[in-house]
Structures are given as C-alpha cells and as structure tokens.
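Notes to accompany the following structure.
Quick note: numbers below take in every heavy atom, side chains included, and nothing from hydrogens, waters or symmetry partners. Source: prediction; values computed, not measured. So that the names make sense, note that chain A is the first sequence line, chain B the second, and so on, each numbered from 1.
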Number of protein chains: 2
Amino acid sequence: MVQDSIQTLQAQGYKATRPRKLVLEVLEESEKPISPYDIQGILRTRGKQINHVTIYRTLDLLCRLNLAHKMMSGGGFLKCSLNAAEGCHRFMVCQDCGAIQEFANKELCREENQLARDLGFHTEHHLSEFYGLCSGCYEK
Amino acid sequence: MVQDSIQTLQAQGYKATRPRKLVLEVLEESEKPISPYDIQGILRTRGKQINHVTIYRTLDLLCRLNLAHKMMSGGGFLKCSLNAAEGCHRFMVCQDCGAIQEFANKELCREENQLARDLGFHTEHHLSEFYGLCSGCYEK
DNA sequence: AGACAATTGCAACAATGTTGCATTTATCTT
DNA sequence: AAGATAAATGCAACATTGTTGCAATTGTCT
Ligand SMILES: [Mn+2]
Ligand SMILES: [Mn+2]
Ligand SMILES: [Zn+2]
Ligand SMILES: [Zn+2]
C-alpha cells in the first residue's frame with residue numbers, strides 16, 4: 001500500500017509530498033521494475049508533470065529506506081521496484097523477450113546472508129538476477 | 001588467462017583483435033568490476049587509444065559468450081568483470097566505502113537454479129549483489 | 001495564518017550509451 | 001607473400017541517463 005510507505009517516510013521525518021505519492025503509486029501499479037524516465041512518462045500521460053530530478057531523488061530515498069529496490073536487468077541502467085515481498089528479491093530476466101519475473105525465497109536469503117557474514121560482510125539487503133529463457137521462449 | 005578467452009573467441013568464429021586483447025588484459029588485471037569508460041581511461045594512460053564504442057561492443061560480446069559479467073553496483077550504470085570463478089558470481093558492495101568484494105558458491109548456485117527451474121525458467125547465468133557494510137566500515 | 005526547514009523545479013551540465021557508415025584489419029585462400 | 005573477403009573498428013553525430021547548485025515552492029508544526 002502506498003499509505004504504508006508514506007507512513008514509513010513520515011515516521012522517519014520525511015514529508016508526504018505530491019511527487020513522492022505519485023511515484024509510489026506508479027511503482028505499486030507496475031508489476032515489473034521500471035526506470036525513472038518510465039515513471040516520468042507514465043505520470044505525464046496522466047497529466048502529472050514531475051521533474052526527473054525529483055524522481056531520481058525520490059527513488060534514492062525509497063531505496064535508502066529499503067522501501068524499493070534497484071536492479072539493472074541486463075542493460076546498464078537503473079530500474080526500480082517496490083520492496084513488497086518478504087526476503088530478498090530475485091528477478092528472472094528472459095534474454096529473448098525481455099520479460100522480467102520476480103520471486104522471493106526467505107530460506108535462500110538466510111543462507112546467502114550467512115555466507116556473506118562468514119566473510120565479515122553485514123548485509124542490509126540484496127538483489128539477485130537470473131539471465132536465461134522464460135518457459136515460453138524456451139519452447140521455440 | 002587472456003589467452004584462454006581469446007581462444008574461446010576464435011573457436012566461435014570471432015577475430016582476435018587488438019582492442020579485444022587490450023580490454024581482456026585490463027579486465028584480468030582488475031580485481032573489481034569496472035566500467036567501460038574506466039577501461040578506456042586505463043588504456044589511455046598506457047598510450048593505447050581505443051574508441052568507447054569498441055569497448056562497449058567488446059564487453060557485449062564477452063558477456064554474450066559468458067566470458068564476462070555485468071553488474072550495477074548500487075549506482076545505475078554498467079560495470080563488468082571477467083567471469084573467472086566457478087559458479088555464479090556474488091558481489092558484496094559496501095554502501096559506505098564503495099568497496100566491492102566477490103565470492104562464489106557452487107552449492108548455492110545449484111539451489112538457486114533449481115528454484116528458478118521450478119518456475120519454468122532456464123537459467124544461463126546469474127548475478128547477485130549484496131548491499132551493506134564491509135567489516136572495516138562496520139567497526140566504525 | 002505564519003514560520004521554518006524540507007523539498008521541488010529549473011537550468012545547465014556531465015556522463016553514459018547507441019547508430020550508421022566509411023575505413024581498416026584479421027583471417028582465409030591462392 | 002599477396003589478394004580477397006567478411007568482420008571489426010573508429011568516427012561523428014546523436015540519444016538517453018544521471019548530477020549539481022540554487023531560487024522558488026510546499027508540507028508540517030506552532
Ligand atoms: Mn530485498
Ligand atoms: Mn556467473
Ligand atoms: Zn521470454
Ligand atoms: Zn566499507
């Protein structure tokens with residue numbers, strides 16, 4: 001819920017501004033990670049004009065508060081999605097059709113975190129991307 | 001070894017060109033992932049002038065042949081490293097000092113791949129990034 | 001309603017990534 | 001060793017993505 005994220009923001013002393021609500025709405029509606037300029041485009045079609053700088057700053061904030069995730073999805077530029085699911089996020093990126101599917105697994109997460117801790121690293125969150133073929137594209 | 005990568009290239013019908021050898025050399029020397037423009041800069045300091053377009057195309061090729069990896073390392077732009085270790089690559093990115101440490105774990109890899117396959121996805125390779133604090137920065 | 005700090009938008013810029021095409025180069029053949 | 005050939009490079013021009021400083025605006029609290 002956008003409401004929950006807003007509440008988290010305010011609890012940490014951040015303002016519940018129009019741009020932040022709008023970005024959160026778009027992120028929530030999107031079933032896959034999207035780029036800052038995607039978000040701007042979607043909002044523009046709704047007559048909501050938001051400066052791209054503000055979107056970048058909003059996404060930075062959301063990621064800093066662990067409310068959202070960043071990923072690269074094969075290309076080399078930023079995509080973000082809400083940090084809705086429990087545990088870490090894993091993305092399966094189809095190299096043929098570009099589809100992005102998400103799944104989470106708490107157990108795997110724990111194992112990964114433990115391995116990192118064994119090396120002295122203190123994990124706050126993590127991100128995993130699989131590259132290959134989705135079932136549809138594999139058939140062909 | 002650069003030689004091995006070159007051999008793989010040729011085996012697949014790609015030419016062993018000067019730019020490709022140079023990029024491979026830089027990747028091999030670097031203990032952490034670096035960006036295309038980093039590579040160009042390093043080569044320039046050695047008096048080797050390589051066009052950035054060529055570097056992008058070389059990195060694309062290396063990743064396509066699974067000789068190298070792409071990652072985003074917290075920011076939103078491309079970094080690459082040689083795909084030297086066995087199994088999938090995991091990177092620990094310190095959010096304080098920016099240090100990037102790498103580790104691999106075949107067993108974990110297998111589990112992850114199995115989980116993806118259960119969802120109908122056929123993984124070719126994958127990439128994992130942990131964000132948190134390295135031991136040094138955690139002390140402070 | 002007014003004060004105040006946080007946030008936004010703007011402008012200008014910097015960095016990153018892409019495309020088409022002429023020139024060059026690696027490889028294979030002769 | 002020279003020539004033929006396709007692949008790869010470099011160049012130029014452009015497009016997209018990301019950053020910074022600062023003045024204007026807005027949300028929150030009193
Ligand atoms: Mn996560
Ligand atoms: Mn790998
Ligand atoms: Zn697909
Ligand atoms: Zn550190």
Between [X] ([atom1]) and [N] ([atom2]), how many Å, whole number?
X	N	atom1	atom2	answer
B:Q7	C:dA26	CD	C1'	17 Å
B:D60	C:dT19	CG	P	10 Å
A:L24	C:dT7	CG	P	14 Å
B:I55	C:dT19	CD1	C1'	18 Å
A:Q10	C:dA6	CD	P	15 Å
A:L78	C:dG17	CG	C1'	15 Å
B:L59	C:dT16	CG	P	13 Å

Query raised in the report: Which is true for B:R57 with a 4.0 Å heavy-atom rule: it touches a base, it touches only sugar-phosphate, or it touches nothing?
Result: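 B:R57: base contact, heavy atoms under 4.0 Å.
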
Report task. Please check if any side-chain donor atom of A:H126 sits under 3.5 Å from a side-chain acceptor atom of A:E112, or the reverse. Result ->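 There is such a pair between these side chains.
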
Query - Pairwise 5' ranking along DNA chain C for B:R18 and B:Y56, keeping only the more 5' one - result: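 It is B:Y56, whose closest nucleotide lies nearer the 5' terminus.
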
Query raised in the report: Among the nucleotides D:dA6, D:dG10, C:dT8, which one has an atom lying closest to any side-chain atom of B:K15?
Result: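 Nucleotide nearest to B:K15's side chain: D:dA6.
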
Report task. Using a cut-off of strictly less than 4.0 Å, decide whether A:R20 has a side-chain nitrogen or oxygen near OP1 or OP2 of C:dT8. Result ->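 Affirmative; the distance criterion is met.
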
Requested in this report: Please determine if a side-chain N or O atom of B:T17 lies less than 4.0 Å away from the OP1 or OP2 oxygen of D:dT9.
Outcome: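 Yes.
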
Requested in this report: Please test A:R90 against B:E129 for salt bridge (Lys or Arg N to Asp or Glu O under 4.0 Å), starting from the C-alpha separation and ending with a verdict.
Outcome: CA-CA 10 Å; A:R90 279 163 230 285; B:E129 299 178 36; over 6 Å; no

Residue pair [X] / [Y]: nearest heavy atoms and the distance that separates them:
X	Y	answer
A:K70	A:C63	CG-SG, 3.5 Å
B:R20	B:K15	NH1-O, 2.9 Å
B:C137	B:C94	SG-SG, 3.7 Å
B:A16	B:I6	CB-CG2, 3.7 Å

**Report entry** Sorted by number, the residues of residues 28-54 of chain A with heavy-atom contact under 4.0 Å to DNA chain D
**Finding:**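 Of all residues in residues 28-54 of chain A, the ones placing a heavy atom under 4.0 Å from DNA chain D are A:P36, A:Y37, A:H52, A:V53.
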
Query - Separation between OG of B:S30 and CD1 of B:I42, rounded to the nearest 0.5 Å - result: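 Going from the OG atom of B:S30 to the CD1 atom of B:I42 covers 6.5 Å.
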
